[in-house]
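A short worksheet on the structure shown next.
All ligand and atom numbering here is 1-based and tracks the order in the structure. Predicted model, so just to flag it, every value in this text is computed and none were measured. Both backbone and side-chain heavy atoms feed into the values below; hydrogens, waters and symmetry mates do not.
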Amino acid sequence: MIQSWRHVFKLDPDRHLDDAALESVCLSGTDAIMVGGSSGVTYDNTVDLLSRIRQFEVPCVLEVSDLEAVVPGFDLFLIPTVLNAGHPDWLIGQHARAIERYGYLIPWDMLVPEGYLVLNPDATVAKVTKAQTELDASAAAAYAQFADRLLQLPIVYLEYSGRLGDMELVAQVRRTLETSRLFYGGGIKDAESARRAAAVCDTVVVGNVIYSNLEHALSTVEAVKEKR
Ligand code: 1GP
């Protein structure tokens, strides 16, 4: 499923989106809705958002960030591992604990691992994971190659959440990838920034702007798709 995604909207269960806005996001032509956030994600707000999205046909996946908020009923479950985390908990520790506790319940064939590289030091995810964000393009490419060639992760995710990243770095990382799909997220606020990101990655993830400027958010779908 992820192989065909060019554009994804990421919705945060902890943020409010009224019904009309949610409808326009779900009917926008985006390839999927990813539900996730770095803080304030609970079982209840995740169930609530999923049931609202399920009124529409768009694929809907959960990016798991908190074990207490894993809700059944999504099409896939994306499991982030933060490659440049400052603490092994975010690389593998939480994951191992989850498997130990819930292994018998896990629908393994619905799980897709994502190798995250967190590159904006001001993002909540960088703070939570104590990510080593000071990576130049060749260091980022080395992490990405490790994820691609050795770990064989289907997704490498360059995460600049909250600000537009270094598109040269993104392009360099993409050139090194053999099979992993390159997701880019962070600071896409209009069609122009979406176009720039689309030119250098496989899948563009759009988050914040949905809540600050819906019209601009919707314009990113066509902008990304026209680059194909
Ligand atoms: C966040 O990568 C996504 O996890 C999207 O980033 O919210 O900055 O668009 P923005």
Side-chain angles (χ1 to χ4, degrees), residues 2 5-17 21-22 24-25 28 30-41 45-46 49 60-66 69 74 76-85 90 112-129 131 133 135 140 143-144 147 153 155-167 169-170 173-174 180-198 200-221 223-224:
I2 62 159
W5 292 353
R6 192 68 177 121
H7 181 284
V8 171
F9 276 129
K10 191 184 276 196
L11 294 181
D12 186 342
D14 195 32
R15 296 178 78 171
H16 176 72
L17 200 60
L22 186 74
S24 55
V25 165
S28 63
T30 188
D31 296 307
I33 307 288
M34 191 188 290
V35 171
S38 302
S39 63
V41 178
N45 61 23
T46 304
L49 183 56
C60 182
V61 303
L62 179 66
E63 186 172 60
V64 177
S65 59
D66 187 332
F74 284 87
L76 287 177
F77 297 87
L78 305 187
I79 311 296
T81 178
V82 180
L83 303 169
N84 61 334
W90 304 101
V112 180
E114 307 172 290
Y116 256 70
L117 267 183
V118 176
L119 295 170
N120 174 8
D122 300 324
T124 306
V125 61
K127 292 181 179 143
V128 170
T129 64
T133 55
L135 301 179
Y143 274 94
L153 298 178
I155 299 171
V156 169
Y157 191 135
L158 295 182
E159 172 66 291
Y160 282 92
S161 182
R163 83 164 157 83
L164 196 64
D166 173 352
M167 291 301 150
L169 180 151
V170 180
V173 166
R174 191 194 197 187
S180 302
R181 206 170 163 81
L182 185 61
F183 280 38
Y184 169 86
I188 291 176
K189 58 173 181 19
D190 53 20
E192 179 50 31
S193 46
R195 243 176 244 121
R196 288 183 58 202
V200 290
C201 75
D202 298 309
T203 303
V204 176
V205 183
V206 177
N208 266 307
V209 71
I210 300 164
Y211 301 92
S212 59
N213 189 327
L214 182 63
E215 208 176 307
H216 282 185
L218 296 173
S219 75
T220 65
V221 179
V224 165

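Heavy-atom separations between Tyr157 and ligand 1 include at least one value shorter than 4.0 Å.
Side-chain contact between Val156 and Tyr143: absent, with no pair of heavy atoms (C-beta onward) separated by less than 4.5 Å.
Residue contact check: Glu159 has heavy atoms under 4.0 Å from atoms 1 (C), 2 (O), 3 (C), 4 (O) of ligand 1. Numbered from 1 in the order shown, with element, the atoms of ligand 1 that lie under 4.0 Å from a heavy atom of Gly187 read 8 (O), 9 (O), 10 (P). Listed by number with element, the atoms of ligand 1 under 4.0 Å from a non-hydrogen atom of Asn208 are 7 (O), 8 (O), 9 (O), 10 (P). Of all atoms in ligand 1, numbered sequentially from 1 with element shown, those under 4.0 Å from a heavy atom of Ser161 are 1 (C), 6 (O), 8 (O).
Nearest heavy-atom pair across Val170 and Tyr184 is CG2-CD1, 3.8 Å.
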CA sep, side-chain torsions, deciding dist, call: Leu164, Ile188, side-chain contact (heavy atoms from CB on, under 4.5 Å): CA-CA 6 Å; Leu164 196 64; Ile188 291 176; 4.2 Å; yes
Working for side-chain contact (heavy atoms from CB on, under 4.5 Å), residues Val41 and Asp12: CA-CA 8 Å; Val41 178; Asp12 186 342; 4.3 Å; yes
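Using bins of under 30°, 30° to 60° and over 60° for the plane-to-plane angle, the ring pair Tyr116/Tyr157 lands in the parallel bin.
One N or O on the side chain of Asp31 and one on the backbone of His7 form a donor-acceptor pair closer than 3.5 Å.
In terms of protein heavy atoms, atom 9 (O) of ligand 1 is closest to Gly207 N, 2.9 Å.
Neither the backbone nor the side chain of Tyr160 comes within contact range of ligand 1; no heavy atom lies under 4.0 Å.
For ligand 1, the polar-atom distance check finds an N/O of Gly162 within less than 3.5 Å of one of the ligand's N/O atoms.
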